[in-house]
Student: 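Sending over a structure as structure tokens; questions will come in a sec.
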Amino acid sequence: MPELPEVETVRRTLEPKLAGLKFTAVQILMPKVIKTPDPDQFKEIILDKKIIKINRRGKYLLLHLSEKYTLLVHLRMTGRLTYSEKEAPVAKHTHVIFTLSNGCQLRFCDTRQFGRLWMVPVPSLEELAGFKDLGVEPLDDRFTRDYLKKELRRRHARIKPLLLDQTFIAGLGNIYTDEALHRARINPERLCTTLTPREIAHLYHAIQEVLQEGIENRGTTVRDFIDGNGRAGGYQELLRVYSREGEPCPHCNRPIVRKKVGGRSSYYCPFCQKI
DNA sequence: CTTCCTCCCTGTTCGC
DNA sequence: TGCGAACAGGGAGGAA
């Protein structure tokens with residue numbers, strides 16, 4: 001499940017390989033993964049464009065191309081974007097193969113077919129549904145304790161579904177949300193308006209801490225995630241609650257439970273994270 | 001306006 | 001042991 005730290009890891013592994021290269025060919029094996037434009041136009045636009053740099057916004061990767069175009073990639077659940085030799089065997093569920101000017105390839109692969117690609121002229125980014133309404137970047141200076149406090153006062157949701165709302169904060173997913181709530185000792189079902197200033201402060205720091213640690217450990221590989229070079233992450237070893245149902249809470253030793261909150265599996269310690 | 005639920009998809013795990 | 005059902009989940013879109 002690529003969340004902010006995983007997408008950032010892909011960005012960091014791909015940028016040094018791709019910057020300066022041009023696209024010389026594209027094979028679209030699964031047309032539906034390209035949201036815009038249609039496959040023929042997509043090919044026409046991308047051919048001969050140069051990759052200038054790669055950015056990240058929330059869980060989106062942005063490949064900035066020459067002539068003011070951006071190729072956006074969202075990996076959703078099982079998407080993979082990898083750099084490889086063109087002789088390397090093509091993995092099952094590979095949907096798009098980009099050939100580069102150095103003879104190597106960039107491949108988009110996605111078992112569950114939820115991931116999507118968009119090719120847009122830079123000015124159209126501001127109109128792109130899903131992208132234009134993204135909330136604050138949690139590792140940016142604009143994400144302040146005060147911002148969090150004010151927003152939590154304004155909303156009327158349970159804290160976990162709210163943290164997963166990309167229009168609120170961009171980049172958190174199920175793993176890092178559960179980890180942040182555990183560190184802040186906040187139950188995922190708590191109404192956001194009931195958090196005390198002290199809890200809000202803890203949550204603010206916990207969000208930044210888990211994301212930072214996730215990036216430092218090159219992301220979390222619970223099942224599918226690999227970086228741009230095909231390498232798994234390392235943060236799964238350091239998870240305190242996520243996917244650890246029945247294991248002892250690292251703080252109180254009581255068993256971690258799993259419960260659906262807002263339709264998503266949530267892992268937490270009922271003793272440390274009381275309602 | 002808001003929040004919450006369903007659906008998309010395949011591989012894996014669960015239960016009979 | 002075999003097989004169908006349930007589950008996993010990010011986000012679009014629709015319901016309430």
Side-chain angles (χ1 to χ4, degrees), chain A residues 1-10 29-36 56-62 72-81 90-96 108-118 120 125 127-135 137-138 150-181 188-195 211 214 219-226 232-233 235-236 239 241-246 256-268:
Chain A
M1 300 123 247
E3 305 180 22
L4 188 154
E6 288 73 38
V7 179
E8 178 61 24
T9 301
V10 174
L29 308 168
M30 173 78 75
K32 75 167 183 185
V33 303
I34 297 175
K35 284 284 279 188
T36 189
R56 180 195 56 74
R57 172 83 171 95
K59 302 176 195 172
Y60 287 82
L61 275 173
L62 294 95
L72 275 93
V73 181
H74 197 303
L75 303 172
R76 294 279 179 96
M77 304 265 318
T78 53
R80 294 171 163 183
L81 196 62
V90 175
K92 199 177 169 186
H93 306 296
T94 297
H95 305 319
V96 186
F108 175 71
C109 169
D110 187 359
T111 307
R112 290 184 212 173
Q113 304 171 22
F114 286 172
R116 292 294 181 263
L117 281 67
W118 299 255
V120 294
L125 277 173
E127 299 147 33
L128 196 71
F131 183 79
K132 67 175 166 59
D133 297 318
L134 286 176
E137 277 293 320
K150 283 183 177 149
E151 284 294 311
L152 292 181
R153 207 185 297 152
R154 203 173 66 78
R155 306 273 191 141
H156 293 280
R158 288 173 297 173
I159 189 65
K160 162 128 184 191
L162 182 60
L163 292 176
L164 291 174
D165 181 349
Q166 301 300 298
T167 67
F168 176 52
I169 298 174
L172 287 172
N174 215 25
I175 298 173
Y176 294 92
T177 298
D178 280 359
E179 292 298 311
L181 287 171
E189 297 191 275
R190 284 276 297 283
L191 286 175
C192 62
T193 45
T194 69
L195 298 193
L211 293 175
T220 301
T221 301
V222 172
R223 183 170 282 160
D224 300 285
F225 172 71
I226 53 171
Y235 197 56
Q236 60 282 359
L239 296 176
V241 288
Y242 185 81
S243 85
R244 299 205 183 279
E245 184 182 16
I256 302 297
V257 303
R258 175 164 69 156
K259 186 182 180 188
K260 290 251 184 201
V261 178
R264 293 282 175 259
S265 279
S266 300
Y267 298 88
Y268 63 98

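So you know, we letter chains A, B, ... as the sequences are listed, proteins then strands, and number each from 1.
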Student: Looking at C:dG11, I'd like to know if its phosphate oxygens (OP1 or OP2) sit under 4.0 Å from a side-chain N or O belonging to A:Lys59.
Tutor: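 Yes, because at least one side-chain N or O of A:Lys59 sits under 4.0 Å from OP1 or OP2 of C:dG11.
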Student: Using the side-chain contact (heavy atoms from CB on, under 4.5 Å) definition, which of the options A:Val96, A:Leu61, A:Val7 pairs with A:Val73?
Tutor: A:Leu61
Student: Rounded to the nearest angstrom, tell me the gap between atom CZ in A:Phe168 and atom C1' in B:dT2.
Tutor: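 It is 14 Å, rounded to the nearest whole Å.
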Student: Check the distance between C:dG11's C1' and A:Leu72's CG and give it to me in whole angstrom.
Tutor: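 From A:Leu72 CG to C:dG11 C1': 15 Å.
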Student: List the residues meeting side-chain contact (heavy atoms from CB on, under 4.5 Å) with A:Thr9, not counting sequence neighbours, and say none if there are none.
Tutor: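 Per chain and number, A:Thr9 pairs via side-chain contact (heavy atoms from CB on, under 4.5 Å) with A:Arg218, A:Phe225, A:Asp227.
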Student: Remember a base hit wins even if backbone is also touched, and classify A:Thr78 as base, sugar-phosphate or nothing at under 4.0 Å, heavy atoms.
Tutor: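 A:Thr78: no heavy atom of the nucleic acid under 4.0 Å.
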Student: Within the pair A:Lys92 and B:dG11, is there a side-chain N or O less than 4.0 Å away from OP1 or OP2?
Tutor: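 Looking at the OP1 and OP2 atoms of B:dG11, one of them is under 4.0 Å from a side-chain N or O of A:Lys92.
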Student: Hey, is the side chain of A:Lys35 poking within less than 4.0 Å of OP1 or OP2 on C:dA12, counting only N and O atoms?
Tutor: no
Student: Hey, which of A:Thr167, A:Leu163, A:Ile169 is the one that makes side-chain contact (heavy atoms from CB on, under 4.5 Å) with A:Asp165?
Tutor: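 Of all the options given, the one that passes is A:Thr167.
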Student: Between the side chains of A:Tyr60 and A:Gln166, does any donor sit under 3.5 Å from an acceptor?
Tutor: no
Student: Please confirm whether the shortest side-chain N or O distance from A:His74 to OP1 or OP2 of C:dG10 is below 4.0 Å.
Tutor: no
Student: Tell me the interatomic distance from A:Asn174, atom CG, to C:dC7, atom P, rounded to whole angstroms.
Tutor: 15 Å
Student: Nearest-Å distance, CG (A:Asp224) to P (B:dG11)?
Tutor: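 Between P of B:dG11 and CG of A:Asp224: 11 Å.
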Student: Using the test ring pair (Phe, Tyr, Trp, His ring centres under 6.0 Å), find all partners of A:Tyr242 that sit at least two apart in sequence or belong to another chain.
Tutor: A:Tyr267
Student: When we call it a touch if two heavy atoms are under 4.0 Å apart, what does A:Phe225 touch: a base, just sugar-phosphate, or nothing?
Tutor: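 If one applies the 4.0 Å heavy-atom cut-off, A:Phe225 turns out to touch nothing in the nucleic acid.
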Student: Checking side-chain polar atoms at under 3.5 Å, does A:Asp224 have a donor or acceptor matched by the opposite partner on A:Thr78?
Tutor: no
Student: Can you tell me the distance, in whole Å, between the CZ atom of A:Phe131 and the P atom of C:dG10?
Tutor: 19 Å
Student: Using whole Å, what does the distance between atom P of nucleotide C:dA8 and atom CD of A:Glu3 come to?
Tutor: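 Roughly 15 Å, once rounded to whole Å.
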Student: Take atom CZ of A:Arg80 and atom C1' of B:dG11, then tell me their distance rounded to the nearest Å.
Tutor: 12 Å
Student: Return the 5'-most residue of the pair A:Tyr60, A:Met77 with respect to DNA chain C, ranking by each residue's nearest nucleotide.
Tutor: A:Met77
Student: What is the separation between atom CG on A:Asp178 and atom P on C:dG10, rounded to the nearest whole Å?
Tutor: 10 Å
Student: Which letters describe nucleotides 3-9 of chain B, given B = protein heavy atom under 4.0 Å from base, S = only from sugar-phosphate, - = neither?
Tutor: SS---BB
Student: When you check the side-chain N and O atoms of A:Ser266 and A:Lys259, is any donor under 3.5 Å from an acceptor?
Tutor: no
